[in-house]
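I have placed the structure first, in the form of structure tokens, so that the comments after it can refer back to it.
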Amino acid sequence: MIFALVDCNNFYASCETLFQPKLQGRPVVVLSNNDGCVVARSAEAKALGIPMGEPWHKLKALARLHGIVPLSSNYALYGDMSARVMRLLSTFSPVQDVYSVDECFLDLTGAQPSPLECARTIRYEVKRQIGLPVCVGLGPTKTLAKLANHVAKKRPQYEGVFSWHGLPTAEIAALMTSFPVNEVWGVGSRLTARLNAIGISTVRDLQQAHPATIRKQFNVCLERTVRELNGELCFGLMTSPTERQQIFSSRSFGQLISDLSPLEESVAAYATRAAEKLRTQQLLTREVGVMLRTNPFRTDLPQYQRSVSIAIPPTDDTRLIAQAAIKLLRTIYRPGFAYQKTGILLTNLISIHNRQPDLFEDVVGLSRSQSLMTAVDSINRMMGRGTIKLLAEGTDQRWAMKAEKRSPRYTTRLDELPLATTG
DNA sequence: TCTGGGGTCCTAGGACCC
DNA sequence: TCTGGGGTCCTAGGACCC
């Protein structure tokens with residue numbers, strides 16, 4: 001098997017510069033919701049040493065000094081660009097496993113004239129047809145393909161495409177020794193600390209570790225990773241999209257909130273979002289959960305956090321989900337705290353096609369509910385999200401998050417199309 | 001003043017069963 | 001004094017990913 005991992009370089013930042021060429025060559029950062037943390041950086045911003053996840057307010061001085069351009073995240077734009085990239089990539093292999101918004105695995109086994117040549121074509125065509133830079137890593141397992149992609153990004157001599165295949169053993173060993181163990185897919189900060197403590201600090205160290213010992217001292221996941229580093233297949237491609245197990249919708253507020261009624265509005269709004277996701281994926285939920293919490297960074301304020309859930313008959317009806325959520329919220333709400341976030345969790349999902357009919361169910365009500373939701377979805381799709389919404393979501397939504405620096409939704413909104421200017 | 005929003009999988013431990 | 005053994009299911013929590 002030869003897997004390819006195709007990953008867009010600095011995806012969000014690249015999408016922004018594609019539509020604003022004047023940003024090219026400048027340090028650009030894309031911020032999370034509420035303009036809170038840095039979630040993407042251009043190459044120039046990375047060169048300034050800005051870490052991923054850094055709170056924006058800590059960077060203001062550095063930003064002034066270097067002319068860093070901050071942008072709010074524009075998920076409509078990124079989602080659309082992602083779909084274009086994935087559609088193009090799907091033409092290069094019969095087997096595509098979309099792993100995240102900006103990366104996917106392809107099975108390039110038997111690609112002509114060779115997997116490596118095919119990978120170079122992929123890189124060239126994505127740039128030519130869509131305008132986004134990607135790197136491609138090739139390997140016999142997903143873990144090695146991920147690592148190869150990292151090599152392709154970090155070592156310019158490979159020009160964005162790297163394969164382990166056919167490399168002399170000594171060269172492979174040298175490369176693996178030159179990368180720290182935390183670059184391995186599945187090794188995060190906690191594991192890195194524990195691995196370092198027992199003398200495993202490079203990728204090469206982990207590759208040479210004894211799988212059974214690793215399993216005993218850590219867990220099966222890490223054991224599989226060690227095996228994959230040695231070319232043994234443990235993680236297969238997800239050829240058909242697996243069914244979601246849960247749907248989450250939550251947001252931090254633009255400001256802290258103490259009163260129950262705006263909290264109820266936010267919960268109703270997130271329930272609406274979650275129910276929309278449910279319907280586009282043709283799923284029903286059988287359990288609704290609500291979470292509520294204060295801002296854990298505000299150590300000067302009293303802290304409170306709770307979540308609760310309840311089983312409900314299978315549904316995708318926004319009204320029923322929102323009703324259940326508001327009821328739950330009232331049971332965990334306590335006055336006297338400054339809340340930062342609420343969220344909705346839908347679990348115990350089933351496919352709409354697998355619903356077990358109930359002998360006593362209200363058949364007429366059910367079909368009315370379905371027609372209503374279909375109508376609401378199509379109106380909101382045509383006229384923009386939120387055209388029709390629950391009154392419970394509130395009309396002014398003072399709790400809504402901040403996104404003050406968002407670029408136009410160039411590719412998905414007619415009124416925000418970029419126009420050529422003359423003269 | 002200001003710190004994201006989604007997801008996945010695995011494990012340990014408790015409740016409960018016979 | 002001495003108090004079974006094996007199984008399933010569920011939940012909370014911890015680790016990871018982008």
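Since we're looking at a predicted model, the values are computed, not measured. Residue numbers begin at 1 in each chain, while the letters A, B, ... track the order of the sequences.
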Give the C-alpha distance, both sets of side-chain angles, the deciding distance and a yes or no for side-chain hydrogen bond (donor to acceptor under 3.5 Å, both in side chains) between A:R279 and A:T318.
-> CA-CA 10 Å; A:R279 293 193 293 271; A:T318 298; 3.0 Å; yes
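- At a threshold of 4.0 angstrom between heavy atoms, the contacts of A:I247 are confined to the sugar-phosphate backbone, with no base atom among them.
- Among the atoms of the strands shown, only primed sugar atoms or phosphate atoms (P, OP1, OP2) are found under 4.0 Å from some heavy atom of A:Q340.
- What separates CZ of A:F253 from C1' of B:dT1 is a distance of 18 Å, to the nearest Å.
- In this structure, A:L345 and A:R293 both approach DNA chain B, and ranking their closest nucleotides by distance from the 5' end singles out A:R293.
- Taking side-chain N and O atoms only, A:K277 has a distance below 4.0 Å to OP1 or OP2 of B:dG7.
- Looking at heavy-atom distances under 4.0 Å, A:N295 makes contact with sugar-phosphate atoms alone, never a base.
- When each of A:R224 and A:K58 is assigned the nucleotide of DNA chain B with its nearest heavy atom, A:K58 is the one assigned upstream, toward the 5' end.
- Relative orientation of the A:Y270 and A:F253 rings is parallel, given thresholds of 30° and 60° on the angle between their planes.
- Of the candidates B:dG5, B:dG4, B:dC2, the closest approach to any side-chain atom of A:V39 belongs to B:dG4.
- The shortest distance between the side-chain N/O atoms of A:S250 and the OP1/OP2 oxygens of B:dG4 is not below 4.0 Å.
- Out of B:dT1, B:dG4, B:dG6, the shortest distance to the side chain of A:R298 is found at B:dT1.
- Sparse packing is recorded around CD of A:E159, with 12 or fewer heavy atoms of other residues, nucleotides or ligands lying under 6.0 Å away.
- When heavy atoms are screened at a 4.0 angstrom cut-off, A:R273 is found touching no nucleic acid atom at all.
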Stepwise, does the side-chain hydrogen bond (donor to acceptor under 3.5 Å, both in side chains) test hold for A:S100 with A:E103?
-> CA-CA 5 Å; A:S100 76; A:E103 64 189 298; 3.2 Å; yes
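- With rounding to whole Å, A:N34 atom CG is found 11 Å from B:dG5 atom C1'.
- For the P atom pair drawn from B:dC17 and C:dT3, the interatomic distance equals 24 Å after rounding to whole Å.
- Residue A:K341 has no polar side-chain atom (N or O) positioned under 4.0 Å from OP1 or OP2 of B:dG4.
- The side chain of A:Q245 contributes an N or O atom lying less than 4.0 Å from OP1 or OP2 of B:dC9.
- Atom P of nucleotide B:dC9 and atom CZ of A:R244 are separated by 10 Å, given to the nearest angstrom.
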Where along nucleotides 10-18 of chain C does protein come under 4.0 Å, by heavy atom, of base (B) or sugar-phosphate alone (S), with - for untouched nucleotides?
-> -----SSSS
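- Atom P of nucleotide B:dT1 and atom CG of A:L59 are separated by 17 Å, given to the nearest angstrom.
- Remark: C1' of B:dT8 and CG of A:N219 are 14 Å apart, rounded to the nearest angstrom.
- Between A:R251 atom CZ and B:dG5 atom P there is a gap of 6 Å when expressed in whole angstrom units.
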Assess whether side-chain hydrogen bond (donor to acceptor under 3.5 Å, both in side chains) is satisfied between A:E16 and A:Y78, documenting all intermediate values.
-> CA-CA 9 Å; A:E16 297 289 351; A:Y78 313 147; 2.7 Å; yes
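- In this entry B:dC18 has C:dG5 as its Watson-Crick or G-U wobble partner, both defining distances falling under 3.5 Å.
- Using the six-membered ring where Trp is involved, A:W185 and A:F235 have ring planes that are perpendicular, over 60° apart on the 30 and 60° scheme.
- For A:F248 and B:dG7, the CZ to P distance is 8 Å, given to the nearest whole Å.
- The aromatic rings of A:Y339 and A:F337 sit tilted, their planes meeting at an angle between 30° and 60°.
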Apply the test side-chain hydrogen bond (donor to acceptor under 3.5 Å, both in side chains) to residues A:S42 and A:N10: give CA-CA distance (whole Å), side-chain angles for both, the deciding distance (0.1 Å), then the verdict.
-> CA-CA 6 Å; A:S42 69; A:N10 318 322; over 6 Å; no
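- In this structure, A:D35 places its CG atom 18 Å from P of B:dT1, rounding to the nearest Å.
- At the heavy-atom level, A:S249 lies under 4.0 Å from the strands shown only through sugar-phosphate atoms.
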